[in-house]
Every structure is written in structure tokens, then in C-alpha cells.
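Taking it in order: structure first as C-alpha cells, then the write-up.
Sequence lines set the chain letters: A, B, ... in the order given, protein chains first and strands last, and positions in each chain run from 1. Just so we're clear, the structure is a prediction, and the values are computed from it rather than from any experiment.
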2 protein chains.
Amino acid sequence: MTVSRVLRNRGEVSEKTREKVLKAARELGYVPNKIAGALASNRVNLVGVIIPSLSNMVFPEVMMGISSVLDETPLQPVVGVTGYEPEKEERVIFEMLSWRPSGLIVAGLEHTDAARKMMENASVPVVEIMDVDGDAVDACVGISHQRAGRQTATEILKRGYRRIGFLGTKMPLDHRARKRFEGFQSVLTEAGLGLIDQEYYSGGSALAKGREMTEAILNRNDDLDFLYYSNDMIGAGGLLYCLEKGISVPGDVGLAGFNGVELIDGLPRKLATMDSCRGEIGTKAAQMIVAALEKTKEAAPKRIEISPIFAAGDTVR
Amino acid sequence: MTVSRVLRNRGEVSEKTREKVLKAARELGYVPNKIAGALASNRVNLVGVIIPSLSNMVFPEVMMGISSVLDETPLQPVVGVTGYEPEKEERVIFEMLSWRPSGLIVAGLEHTDAARKMMENASVPVVEIMDVDGDAVDACVGISHQRAGRQTATEILKRGYRRIGFLGTKMPLDHRARKRFEGFQSVLTEAGLGLIDQEYYSGGSALAKGREMTEAILNRNDDLDFLYYSNDMIGAGGLLYCLEKGISVPGDVGLAGFNGVELIDGLPRKLATMDSCRGEIGTKAAQMIVAALEKTKEAAPKRIEISPIFAAGDTVR
DNA sequence: CCGCAAACTGTTAGCGCTATCATAGAGACC
DNA sequence: GGTCTCTATGATAGCGCTAACAGTTTGCGG
């Protein structure tokens, strides 16, 4: 018991025994068994973070936001990856919850019924992130992708572009990309316009794919005056392609992407984009978990919408 | 006990009771407590993966290799991030081990004495990855960065470049980058040459930094004929800068990076590089853990060196 | 030198599971 | 019916720790 007290810095132990214990622990190379500790104390200082992928820099950036907050606390993030598959997500959530974490941060608002039920019953704080267009299990932080799509479309129309093409990923289960697309398209429809053409990819180097898709869509349509890309990487590929081919940007054709990735700063021209505020979403989500665990007051807001702003860069007129 | 048997698919249970149990579990939304299970069975199906950072795509790519193997087993990866700090690494290793994982995969061979001792005493398989230039605690998979640096230098000299500049990160604790640099430089020294100039950065958009650094180093030295970048991102920035300024590549100046990132495929010209084989390192490491746990035979090799090959691309003559 | 509080250290039970062994029931066969 | 085997289920202990409380020592005022 005294050893336990020393190693957890809890309760009163004389300086002499404390040192004796620490010395012995060091000599023996003793590593406490957190499993037993967690079982006995019913406390697990882990926060599950469930994201669709690691290959898209967007998610590591959210992770960094989360870590920066949790580093100040005894909590530790544990990552689970779903590959955008609802069934895999369900399994990952189940696995996570079976370790009885202190909280859960999950990307997106769309889950299987079973997953949703598990989270509701888990009696731990759950924060859904990156999206606010829908119903959260408990709390959520993110941006409205619907609105982001609408806003981009509005900016584009305002600047006089009319013959617009869309380039995106072949991912029906990326709900956030879908919502942006829907928002974008609905503004066009309201303006009596429609998309002239579309182009989709899956897999491979996003930069190279952006290049290829841009070539393909421009070859099919010589009258397009704007290309809206579902993410900055393919947008960057398109930009490089246009510059190479001597297509004047934003004169002949305007370009815009989405996310506000760091990479943009290094391109020959700054791609128009909309920052998806990944870092801020991560920190806010982690803060919400921490606040919920302190549970001093239940007054914490349950839905935080962050408003991204359109950055025109150099690729729209 | 019967419930436990049903949920773990272990031991004989009649079909009738099995169904009864599953039905009840579903209705109650029962999520087993893995903590208790792990304590009782002394089995934890987690593999700790300890890497310096998530913001460098290199590490997520290793993760994907690891996941692809572990997905076929009951094992699950758990990530810990060290931020390139030895003390943080030591803490993360301690935390990991205190959960009694089934195995540990750690990036790099350089650790604090305490961390090394913990891993030696942990009596779980430990695989150090990404580097083989040094002594492993137990097993290791990776490439020799020394050799990679030497090989790149050899290729460059072979192609007639003589006035060489180096551009890298300001990270004394990135031992792999350091070893590449040392290997590179030793070949130059052996050839009676030296680096004409060097340039370092930290933080910010690597692409933008590559651009800035390239501008700076070329402004200082109008006679450089080759730029060796410590990673592809800054190399890509340099390439974009040169193309923009009308500097002929590889005529006036040759360029080479390191890592073989996907991004390269989308650039106007393919940057010379050397693939660091992240995916393969990840899969191999995970396979080694799995093999060690099956422990049928101890004959598994303890040190796997993967040989990356120089890809000349379009930026060396 | 006593009494009493504060400071320290120890005892006990139990967290929710699983390993192990024990028991019950169902057939098979003589 | 008795015995034996096999399958299915149950009882018990214990994993390594911590919460809660009990006991011991120390310090200090009177």
C-alpha cells in the first residue's frame, strides 16, 4: 500500500520511505501494472480517438490539437482507425469502450445504429468532431461542411464564374466531402446554374491525380471557367498542371480547394481554399472531454460550430 | 463462465445457450471489460507503436504497414508519439509497458539508458524500426541511413556533380537524418571534396521552407551544381523554386531528396530520391512481433536490413 | 508522563474477469 | 441397472492493484 502511495504521489508518506521505495523500484526495474490499477480504481486515463484514416494529413493534424491539450493532463489519447467503413468503426468503438476509457472523440456524426447505442450507453463523455451537420450522440465540435460548400459556391459566383466543374474523391462514405458537395451544388441550383462536368478519383498520389483529372476535365470541356476541388491536394495538382500548360490562373480558369493545408504556402501560386480548422477542432474536443470529466458544472455547450473563412489566395479573380 | 465462453468463442457451449447469451448481451448492450479480462488472463492484445511524430507522413505510412499485418490477427496497434524528445520517449515507453502489451515497435535505435533497460526487462518482443545503424535491444528492421547517404553521394559524384550544397532540418535529435548526412559527407570527403554550403530550417510548411532555403543558398553561391535535401518535401519546394526562376534542372543544378513520398509523382518533374521503404518496414516489424508471439522457433532473424534504391527521376543528369 | 491529534503504515476486501477443476446430464454398451 | 465416456455448465480462486479503514508511531502541550 505504501508503495502504491509513493508511485501515485497520493496520500502521506515520509520522505525516508518514499526514497527507499523509489530506489527499490528503480533497482528492480519495476513497472506498475496499469491493468490491475485501472480495475481496482475504476479509472483509465485514456481517451479514445477514432478517425477514418492516417494517410490524409487532416487527421494527424486533429490529433496534434488533441495531444496538445491532453499533454497538460494525466489523460492520453489512443487512436483507432476505421478506413471510412462503418462496420470497422463499430468494431473499433466496441474495442475502445471495452477498455473503459475516460472519454471518446469520434470523427463524424454518421455511425451504425449499434455504434451509436454503444456510445450513448457508455456513460463516458463522447465528442464527435469535424462536422456539425446532424445529430450528435452527446457533444460535437466542427464546421458545417454544407455551409462551407455553399460559401465557396457563393464566393465563386460573386466573382463572376459561371461554367463550373467539380473534381473529387470516389468516396461515398466520406460524408463531409459529400455535404460540401451538396452545399456547393445547391447554391448553383439556386442561381439557375448547374455543374458543367465532374471528375472523380480514388487512390494514388492526390497531387498526380489532381493533375490527371484536371487534364481530363479540361480536354472534355474547353469552356470551363472554374474548377472546384474537394481537397487542396488535388487542387494543387490542378494548379501545377494549369501553370505548366500555360493556362492563365485565375484569368482563363479559377481554382479552389478545401482544407487549408500547409503545403499551399509552398506552391508557385496560393490556391484559394477554406481552412477546415483541424487544430482548433482537436483542441476544443479535448477541452470538452476534460471539462466533462471535471463535471463541476453541466453548463458546457454541447455543440460548437467553428466558422471557416474563404481564403481567396491567387487562384480566383 | 458460460457467458465468458460464448463471448470469447472458446470452449464448448451448446448452440441453444450460446444464442441465449448473445441475445441477452445484445439487449443489455453489454460491453465486456477488457481490463478485467486482461488482468485475469494475463493477455493483452495490444502492440505499442512508438514514433516521433505524426506530422511527417513518413510515420503514418509505417503505421499503415503495421496495421495491414495486425488486422489479420487479434492484435491492435496503439500509437505513442515522442516529439523526437528522448525523455518524452522514455515516458511513453514506460506508459506503454505499464499496460503490459504483447509487443513493442519503436522508431529508432537511440534511447535513454532507462528506456533501453525497461525494454530489455519487459519480456515482450521489441522491434526497433527505420534504422539499422546501431545496436538493437532485441530485433530491428529498417534501412541503413549511413549507407543511404553514402549511396546518394556516390550517385551524385558519378554523374559529375562537384559543387554540392546541403539543405536539412534543424533537428539534432533526428538521428536518421544525421546519419544520412554523415554518410553523405564522408563520401565527399573521401573524394577530396566538401560541402560548399549548408542551410537549415525548422517548423513551417516544408515546401515553402524548401523554396526559401534554395533561394538563400543559391543567392549565396552562384556556382553550386547540386543540392541535396534531407527530405523530399523541401526538395520539392526547391524544385518548384528552380523551375519558376528558370534555373535549368538538372542542367544548371541537380537536385535530390530522400524518402520517396507519393507527392513526387505529381510534380512537374520527378525529384531524384531514395525510397525509405516505410510500408515494408511496418509490415516486416509487425510480422516479427507476430512471429515472436507464436514462438514456435526462435530462429527468426533479429536484424533485417532493407536496401533502398536510388531513383534518379528527372532532376539529376 | 499522560492524552490527543496528526502523520504515517498496514490490513482487508474486492474490482470483473478467466483458468482450472468439479459436477451434472446424456447416451452407449454390456 | 451399472459403468464409462463425452459434452455442457457451474464453483472457486486469484490476476495486481487501490479504497477504505484500522492500527501504530510521533510530536507536543499541559
Side-chain angles (χ1 to χ4, degrees), chain A residues 1-46 48 73-76 78 93-103 118 121-124 293 295, chain B residues 1-46 48 73-76 78 93-103 118 121-124 293 295:
Chain A
M1 205 46 232
T2 298
V3 170
S4 172
R5 274 191 273 258
V6 171
L7 270 59
R8 288 180 301 149
N9 260 318
R10 209 171 290 267
E12 320 217 44
V13 183
S14 75
E15 196 47 42
K16 214 182 69 195
T17 31
R18 144 175 262 96
E19 270 163 24
K20 243 162 64 186
V21 168
L22 288 176
K23 179 156 170 287
R26 223 174 299 119
E27 279 169 6
L28 295 168
Y30 174 74
V31 178
N33 187 328
K34 283 226 173 179
I35 298 178
L39 185 62
S41 66
N42 201 26
R43 266 193 297 266
V44 180
N45 286 329
L46 299 176
T73 74
L75 297 170
Q76 272 212 321
V78 179
I93 290 174
F94 184 80
E95 284 287 319
M96 283 283 182
L97 289 179
S98 70
W99 286 101
R100 302 288 187 273
S102 291
M118 280 191 275
N121 294 338
S123 69
V124 296
L293 292 175
K295 66 172 88 172
Chain B
M1 207 43 236
T2 298
V3 171
S4 173
R5 274 192 272 259
V6 170
L7 294 165
R8 287 181 302 149
N9 261 318
R10 209 173 289 267
E12 320 218 43
V13 183
S14 75
E15 197 45 43
K16 215 182 70 193
T17 31
R18 147 175 258 93
E19 270 163 24
K20 244 162 65 184
V21 168
L22 288 176
K23 180 156 170 287
R26 223 175 299 120
E27 278 169 8
L28 294 168
Y30 173 74
V31 178
N33 187 329
K34 284 225 174 182
I35 298 180
L39 185 61
S41 67
N42 199 26
R43 264 194 296 268
V44 180
N45 287 329
L46 299 175
T73 74
L75 298 169
Q76 274 212 319
V78 179
I93 289 174
F94 184 80
E95 284 286 320
M96 282 285 181
L97 289 179
S98 69
W99 286 102
R100 301 289 187 274
S102 292
M118 279 191 275
N121 295 337
S123 68
V124 297
L293 292 175
K295 64 173 94 172

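Using a 4.0 Å cut-off, some side-chain N or O of A:T2 falls inside it from OP1 or OP2 of C:dG10.
The NZ atom of B:K34 sits 10 Å away from the P atom of C:dT18 (whole-angstrom rounding). Distance CG (A:L97) to C1' (C:dG16): 17 Å, rounded to an integer number of Å. Put simply, CG on B:N42 is 10 Å from P on C:dA19, counting in whole angstrom units. Protein atom CZ of A:R43 is 15 Å distant from nucleotide atom C1' of C:dG14, rounded to whole Å.
Rounded to 10°, the angle separating the first-five-pair axis and the last-five-pair axis of the helix from C:dC1-D:dG30 to C:dC30-D:dG1 equals 50°.
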Which protein N or O atoms sit under 3.5 Å from an N or O of nucleotides 11-15 of chain D?
residue	atom	partner	partner atom	Å
D:dC15	O2	B:A40	N	3.3

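Separation of atoms CG (B:N121) and CG (B:L97) is listed at 9.5 Å; rounding is to 0.5 Å. Expressed to the nearest 0.5 Å, how far OG1 of B:T2 lies from CG of B:L7 amounts to 11.0 Å.
When the side-chain contact (heavy atoms from CB on, under 4.5 Å) test is applied to B:A40, no partner is found at least two apart in sequence or on another chain. Taking B:S14 as the reference, B:T17 meet the side-chain hydrogen bond (donor to acceptor under 3.5 Å, both in side chains) condition, with sequence neighbours excluded. Taking the side-chain contact (heavy atoms from CB on, under 4.5 Å) definition, one finds that B:E12 meets it with nothing, sequence neighbours left out. When the side-chain hydrogen bond (donor to acceptor under 3.5 Å, both in side chains) test is applied to A:T73, no partner is found at least two apart in sequence or on another chain. Here A:R18 pairs with A:N9 under the side-chain hydrogen bond (donor to acceptor under 3.5 Å, both in side chains) rule; sequence neighbours left out. Contacts of A:S4 classified as side-chain hydrogen bond (donor to acceptor under 3.5 Å, both in side chains), with partners at least two apart in sequence or in another chain: A:R8.
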Check: residues 21-30 of chain A side-chain donor-acceptor pairs under 3.5 Å, at least two apart:
residue	atom	partner	partner atom	Å
A:K23	NZ	A:E27	OE2	3.3

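The stretch residues 7-32 of chain A touches DNA chain D through A:R8, A:Y30, A:P32, each having a heavy atom within less than 4.0 Å of the strand.
The stretch residues 93-103 of chain B participates, sequence neighbours left out, in these side chain to side chain donor-acceptor pair (under 3.5 Å) pairs: A:K34-B:E95.
At a threshold of 4.5 Å between non-hydrogen side-chain atoms, the residues B:I93 and B:M96 do not count as touching.
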